[in-house]
Trainee: 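Take this structure first; my questions come after.
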Amino acid sequence: MSGTRTAIVVGGGIAGPVAALALRRAGIEATVHESYATTADGIGGGLGIAPNGRAALGLVGLDRVGAPMNAIVLQNHKGRTITEIRQPMQFSWRADLYRRLYDLTLSQGVEVHHGHQLVDVRESDTGIRAVFADGTASEEADALIGADGLRSTVRRLIDPQAPQPRYSGLLGFGAQVHGAGLPPTGDRMYMAFGRRAFFGYQSFDDGTGVWFANLPHSYLTWQQVRQTSNEEWLRRLGEAFAGDGVPALELLRRTSPDDLITAGPMQDLPHVPHWHRGRMVLVGDSAHATSPSSGQGVSLAAESAVELARALRDLPHDQAFAAYERARRARVERVIAQGARSNSGKAAGPVGRVVRDALLPLFARLATPEKMAWQYDHRIRWEDPVAA
Ligand SMILES: Cc1cc2nc3c(=O)[nH]c(=O)nc-3n(C[C@H](O)[C@H](O)[C@H](O)COP(=O)(O)OP(=O)(O)OC[C@H]3O[C@@H](n4cnc5c(N)ncnc54)[C@H](O)[C@@H]3O)c2cc1C
């Protein structure tokens, strides 16, 4: 018998709602507390959902979301194709995925409280409460789940010495373009290692397109990035891609400054030593943020949320947290390491660039469906009991 009947979920992003839905499926009542006063509709850029993530989302009742992105065409700065990597991904706007999850959560009767920024917890022998910035506290619950993202407060409450996010050396930008002016790329996303920055784009049958850019840069916080105008960032991106044989300049020219998405510094968390303490546990980016380059951030968050709920269904919370960490740690850290390797290729200096371009065909050969099966074919066996 698990003994866990109620849970507080801190964070109403992606991992939080998935955890709440999975807990509900496990017979545990969960309430979500989100710091923002409003929903995150319309906020964020695009992200990839891998087959493993889609399967995990399916376990909580979310069917297909986004558009197919079945191949990545890797190019060099001249726009010459080095290889095409087949991988059955979905491309989704973060806002669309968020809204679908949010609606599903509400439709299942999960309460979502906005304006509840967790600052502390009160733990006793019988349960745990979340304490919010306005001085109020939640009801007592059996467990508290920190789905509060990269800059998690729960992570710090579990371990005040917990590591801070690591900067990849890249700033992220992107946009949706209403008139892309490019032939449709079908279900392919093109990604190019430009001479000074990395560029990805996809164009659709309806004439719209999306692009993203990873720009090598000294560290800036998201707020510092925002201090420079979008016009100026578009100009600097234009400079970075000048002379490259990819349609970056064309897409930048067609991007209205108002539509530019400044994602800020690309960061990850290669190793968080403590995922749980007492009745608190981490899930999603708070425990294992991977750089966007891995294409697995959402997918790993969804997998972890489902695995955690499955463990809490079958085991007392302390054993459940340990079983969950055992099931997840090696996998997520391997993906994070792979994302970090992609980043170092994107941020390569002049010499590194020559080496990288020479080695790209080899890397591409390592990204065959068979070699990537450990990532994409991972499936959670929800019905199987979790052993202590
Ligand atoms: C607004 C937003 C936009 C994003 N856009 C993109 C994108 O375009 N592309 C991409 O690849 N990734 C994006 N991400 C990150 C992506 O969602 C995550 O990497 C991934 O989905 C893992 O989700 P998560 O739920 O663990 O973390 P997140 O999605 O970051 O969600 C964490 C949630 O916890 C809340 N929170 C934080 N601290 C507290 C606190 N103390 N108390 C209560 N709530 C708290 C946050 O407001 C947030 O809603 C975005 C995240 C956010 C918050």
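Atoms within each ligand, like the ligands themselves, are counted from 1 in listed order. Keep in mind the model is a prediction, meaning the values are calculated, not measured. Computation of the quantities below employed the complete heavy-atom set of this structure, encompassing side-chain atoms and omitting hydrogens, waters and symmetry-equivalent molecules. Along the sequence shown, residues carry numbers from 1.
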Trainee: Hey, looking at atom 32 (C) of ligand 1, which of Gly42, Ser304, Ala147, Ser35 has the closest heavy atom?
Mentor: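 Nearest heavy atom to atom 32 (C) of ligand 1 lies in Ala147.
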Trainee: Between ligand 1 and Ala15, is the shortest N or O to N or O distance under 3.5 Å?
Mentor: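 Between Ala15 and ligand 1 (N or O atoms, distance only) the closest approach is under 3.5 Å.
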Trainee: Look up atom CD1 in Ile336 and atom OG in Ser293, then write down how far apart they are to the nearest 0.5 Å.
Mentor: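 One finds 13.0 Å between CD1 of Ile336 and OG of Ser293.
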Trainee: Hey, are the side chains of Val110 and Thr31 touching, using non-hydrogen atoms and a 4.5 Å cut-off?
Mentor: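 Side chain of Val110 against side chain of Thr31, heavy atoms only: no contact under 4.5 Å found.
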Trainee: Supply the atom-to-atom distance Asn214 CG to Ser168 OG, rounded to the nearest 0.5 angstrom.
Mentor: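 Rounded to the nearest 0.5 Å, the CG-OG separation comes out at 7.5 Å.
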Trainee: Show your reasoning for whether ring-ring contact (aromatic ring centres under 6.0 Å, His included) applies to Phe173 and Phe212.
Mentor: CA-CA 6 Å; Phe173 299 89; Phe212 72 88; over 10 Å; no
Trainee: Any nitrogen or oxygen of Tyr36, main chain or side chain, under 3.5 Å from a nitrogen or oxygen of ligand 1?
Mentor: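 Checking ligand 1 against Tyr36, no N or O pair falls under 3.5 Å apart.
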Trainee: I need the atoms of ligand 1 closer than 4.0 Å to a non-hydrogen atom of Gly149, numbered in the order shown.
Mentor: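 By the 4.0 Å cutoff, the relevant atoms are 27 (O), 30 (O), 32 (C).
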Trainee: Say whether, by atom type as modelled, one donor and one acceptor occur between the side chain of His317 and the main chain of Ala143 under 3.5 angstrom.
Mentor: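 No: the side chain of His317 does not pair with the backbone of Ala143.
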Trainee: Give the residue and atom name of whichever protein heavy atom lies nearest to atom 31 (O) of ligand 1, and the separation in Å to one decimal.
Mentor: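 Heavy-atom neighbour on the protein nearest atom 31 (O) of ligand 1: Gly13 CA, 3.5 Å.
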Trainee: Run the numbers for me: atoms of ligand 1, each under 4.0 Å from some heavy atom of Leu47, listed by number.
Mentor: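 Numbered from 1, ligand 1 contributes 9 (N), 10 (C), 11 (O), 12 (N).
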Trainee: On a heavy-atom basis, I'd like to know which of Arg94, His113, His33 is closest to atom 29 (O) of ligand 1.
Mentor: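 Looking at heavy atoms only, the winner is Arg94.
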Trainee: Starting from atom 39 (C) of ligand 1, locate the nearest protein heavy atom and write down its residue, its atom name and how far away it is, to 0.1 Å.
Mentor: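 Going atom by atom, the protein heavy atom closest to atom 39 (C) of ligand 1 ends up being Asp148 CB, 3.7 Å.
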Trainee: Give the residue, atom name and distance (to 0.1 Å) of the protein heavy atom nearest atom 42 (N) of ligand 1.
Mentor: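 Going by distance alone, atom 42 (N) of ligand 1 is nearest to Leu118 N, 2.9 Å.
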Trainee: Determine whether Phe204 and Thr185 make a side-chain contact, defined as any pair of heavy atoms from C-beta on separated by less than 4.5 Å.
Mentor: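 Side chain of Phe204 against side chain of Thr185, heavy atoms only: no contact under 4.5 Å found.
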Trainee: At a 4.0 Å threshold, what atoms of ligand 1 neighbour a non-hydrogen atom of His116?
Mentor: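 Contacts of ligand 1 toward His116, numbered from 1: 42 (N), 43 (C).
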Trainee: Between Arg310 and Glu303, is there a salt bridge with N-O shorter than 4.0 Å?
Mentor: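 Looking at Glu303 and Arg310, the cut-off is not met.
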Trainee: Under 6.0 Å between the ring centres of His33 and Phe132?
Mentor: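 Judged by ring-centre distance (under 6.0 Å), His33 and Phe132 do meet the cut-off.
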Trainee: Taking the side chain as everything from C-beta on, heavy atoms only, tell me whether Pro163 gets closer than 4.5 Å to His271.
Mentor: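 Heavy-atom side-chain distance check fails, nothing below 4.5 Å.
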Trainee: So is Ile14 polar-close to ligand 1, meaning N/O to N/O under 3.5 Å?
Mentor: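 Min N/O separation from ligand 1 is below 3.5 Å for Ile14.
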Trainee: Which of the atoms of ligand 1 are close to Val10, meaning less than 4.0 Å from one of its heavy atoms?
Mentor: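 Those of ligand 1 that fall under 4.0 Å from Val10 are 42 (N), 43 (C).
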Trainee: Quick one: do Thr255 and Asp259 satisfy side-chain hydrogen bond (donor to acceptor under 3.5 Å, both in side chains)? Show the steps, please.
Mentor: CA-CA 7 Å; Thr255 301; Asp259 292 337; over 6 Å; no
Trainee: Can you list the atoms of ligand 1 that are under 4.0 Å from a heavy atom of Gln117?
Mentor: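 Ligand 1 atoms under the 4.0 Å threshold to Gln117: 41 (N), 42 (N).
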Trainee: Measure from the ring center of Phe91 to the ring center of Trp93 and say whether it is less than 6.0 Å.
Mentor: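 Phe91 vs Trp93: aromatic centres under 6.0 Å.
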Trainee: Which atoms of ligand 1 have any heavy atom of Ile43 under 4.0 Å away?
Mentor: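 Contacts of ligand 1 toward Ile43, numbered from 1: 1 (C).
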Trainee: Numbering the atoms of ligand 1 from 1, which are under 4.0 Å from a heavy atom of Gly44?
Mentor: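 Near Gly44, the atoms of ligand 1 are 3 (C), 5 (N), 8 (O).
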Trainee: For atom 18 (C) of ligand 1, what is the closest protein heavy atom, and at what distance to 0.1 Å?
Mentor: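 So the nearest neighbour among protein heavy atoms is Asp285 OD2, 3.2 Å.
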Trainee: Could you check whether Trp275 and Tyr324 have their ring centres less than 6.0 Å apart?
Mentor: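 Yes, they do, as the ring centres are separated by less than 6.0 Å.
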Trainee: Evaluate Glu34 for polar contact with ligand 1, using N/O atom pairs at a separation under 3.5 Å.
Mentor: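 Yes; at least one N/O pair falls below 3.5 Å.
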Trainee: Does ligand 1 come near enough to Ala301 that some N or O of the ligand is less than 3.5 Å from an N or O of the residue?
Mentor: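 So ligand 1 has no N or O lying under 3.5 Å from an N or O of Ala301.
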Trainee: Under 3.5 Å between any N/O of Gly45 and any N/O of ligand 1: does that happen in this structure?
Mentor: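 In this structure, Gly45 places an N or O atom under 3.5 Å from an N or O of ligand 1.
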Trainee: Closer than 4.0 Å to some heavy atom of Gly46 - which atoms of ligand 1 meet that?
Mentor: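 Counting from 1, the qualifying ligand atoms are 8 (O), 9 (N).
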